[in-house]
Amino acid sequence: MHKRLLIPGPTEVSAKMLFEQTRFLIGHRTKEFTELYTAIIAKLNRFFQQPSDYKATITTSSGTLWFDIVGRNIVKEKALVCANGAFSKRFGTAIQDCGKEVDFLEVEWGKAVKPHMIAEKLGSGEYDTLGICHNETSTGVRNPIYKIGEMVRKDYPDVMLAIDSISGMAGDKVLPSKIGCDVIFASTQKCFALPPGLAVGLVSDRALERAREVPNRGLYTNLVRIFDYYERKHQTPFTPNISLLYALDKRMDLLLEETHEGVYQRHKAMAEYTQKWAKKHFALFAEPGYESVTVTCIKNTLGKSVKELNKKLEERHFMISNGYGKLAEQTFRIGHMGEWDLAGIKEAIWHIDEIWGLGK
Ligand SMILES: Cc1ncc(COP(=O)(O)O)c(C=O)c1O
């Protein structure tokens with residue numbers, strides 16, 4: 001039975017996007033592929049309003065590959081990683097697994113990381129990279145990356161800023177050159193509203209220069225190889241997921257048509273509606289003022305069974321998510337991202353109200 005996914009990834013994929021992937025394959029060393037790939041890169045650069053010293057690329061992987069890419073290409077010796085949820089913690093441990101040193105700036109789950117907390121740590125001068133998660137999908141917290149970026153660029157210009165925006169990009173407002181970040185990345189199964197299998201990375205020239213100085217970049221994770229290959233051949237160094245690229249090409253057309261600001265406003269409207277409803281009946285897990293616009297994490301103050309709810313929602317063709325990891329019992333999450341719109345969210349919440357008897 002088709003359940004429309006209101007989980008925070010993979011999100012609902014439209015029939016049109018699914019259909020795009022059924023086209024016949026082309027060789028990835030052909031002119032046709034070059035045309036397809038360069039067109040998508042140009043569309044990504046346009047959508048994210050990238051100046052010439054920022055470049056887009058696409059890896060055939062889920063987003064987590066970019067934890068390794070940062071660990072192997074950007075961190076020279078030691079990184080500071082802000083951990084205020086499950087994914088940001090994983091970002092740091094992944095960098096450690098790449099053989100680099102990591103100090104964690106641990107912040108209580110549900111709270112945001114503030115610039116002054118980071119400044120206190122960076123002041124020691126021992127870090128060459130700062131890693132942070134923009135949109136903590138496990139807690140529904142949106143960290144203030146513009147303010148953080150401004151502080152880092154002004155006071156610690158040599159520190160590379162690497163951001164996991166896996167559940168933020170293409171939903172929230174993410175303009176890398178305005179943030180002042182060096183690497184930012186996302187997976188296609190989130191706000192890009194496509195199946196999992198590709199990750200989009202936006203990289204500054206500074207970051208690429210840094211990568212050239214860092215040894216042991218690996219093979220599949222080697223940013224220099226990825227960008228040099230593109231420069232020379234306008235293709236990917238290894239066989240990409242061509243079927244998904246067909247869909248991403250069309251999805252970028254939709255995003256460009258809606259505009260970056262339009263996409264953000266649609267997500268904001270969905271978040272505001274969901275969060276108003278959540279506050280009326282439950283409470284939000286995120287610190288006030290730092291609520292995500294793509295996923296709402298709700299404290300389950302009424303002790304409702306999300307498993308039972310999902311069984312009933314399934315008959316109505318919807319599915320939401322329970323809490324993540326250690327928050328599984330305490331919270332539940334509604335992902336309002338990708339191609340969802342306010343009408344769809346209102347409809348889903350109407351069904352939840354009816355099943356749980358929350359009424360007016
Ligand atoms: C913030 C964040 N980081 C990392 C990941 C892992 O991404 P992927 O499953 O695409 O590797 C997720 C997935 O939910 C996420 O939400």
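Each ligand, and each atom within it, is numbered from 1 in the order the structure gives.
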(Q) So for His134, does at least one of its heavy atoms come nearer than 4.0 angstrom to any atom of ligand 1? (A)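 Distance cut 4.0 Å: His134 fails for ligand 1.
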
Which ligand 1 atoms are under 4.0 Å away from a heavy-atom of [X]?
X      : result
Gly63  : 8 (P), 10 (O), 11 (O)
Ser62  : 8 (P), 10 (O), 11 (O)
Ser187 : 7 (O), 8 (P), 10 (O)
Lys190 : 13 (C), 14 (O), 16 (O)

Q: Check each of Ile7, Asn135, Thr137 against atom 15 (C) of ligand 1 and report the one with the nearest heavy atom.
A: Thr137

Q. Is NZ or CZ of Lys3 both nearer than 6.0 Å to the six-membered ring centre of Phe318 and within 45° of the ring axis?
A. no

Q) Cationic tip of Arg23 within the cone over Tyr246's six-membered ring, i.e. under 6.0 Å and within 45° of the normal? A) yes

With respect to [X], determine whether any N or O atom, backbone or side chain, lies less than 3.5 Å from an N or O atom of ligand 1.
X      : value
Arg90  : no
Cys133 : no
Glu136 : no

Which residue supplies the protein heavy atom nearest to [atom], what is that atom called, and how far is it?
atom                   : answer
atom 5 (C) of ligand 1 : Phe87 CD2, 3.5 Å
atom 9 (O) of ligand 1 : Gln189 NE2, 3.6 Å
atom 3 (N) of ligand 1 : Asp164 OD2, 2.6 Å
atom 4 (C) of ligand 1 : Ile166 CD1, 3.3 Å

Q. Given the side-chain rings of His260 and Phe47, with only the six-membered ring counted for Trp, is the space between their centroids under 6.0 Å?
A. yes

(Q) Centroid separation under 6.0 Å, is that true for the rings of Phe48 and Tyr54? (A)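 No, the ring centres sit 6.0 Å or more apart.
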
Q. Above 12 or not: heavy atoms from other molecules or residues under 6.0 Å from CD of Gln96?
A.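 Count over threshold, so yes.
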
Q | ILVMFWY cluster, Trp340 and Tyr273 together (side-chain gap under 4.5 Å) | A |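 Per the 4.5 Å side-chain linkage, Trp340 and Tyr273 are co-clustered.
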
Q) Does Lys111 pair with Glu287 as a salt bridge, N-O distance under 4.0 Å? A) no

(Q) What I want to find out is whether Arg142 reaches Asp172 closely enough, with some N-O distance under 4.0 Å, to be called a salt bridge. (A) yes

Q.
Hydrogens and angles aside, do Ser138 and Trp109 bring a side-chain donor and acceptor to less than 3.5 Å of each other?
A. no

(Q) Pairing donors with acceptors under 3.5 angstrom, does anything connect the side chains of His336 and Thr294? (A) no

Q. Which part of Thr64 is near ligand 1, with near meaning a heavy atom under 4.0 Å away: side chain, backbone, both or neither?
A.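 For Thr64, the contact with ligand 1 is made by both the backbone and the side chain.
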
(Q) Applying a heavy-atom cut-off of 4.0 Å, say which part of Leu65 lies close to ligand 1: side chain, backbone, both or neither. (A)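 Contact part for Leu65 vs ligand 1: neither.
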
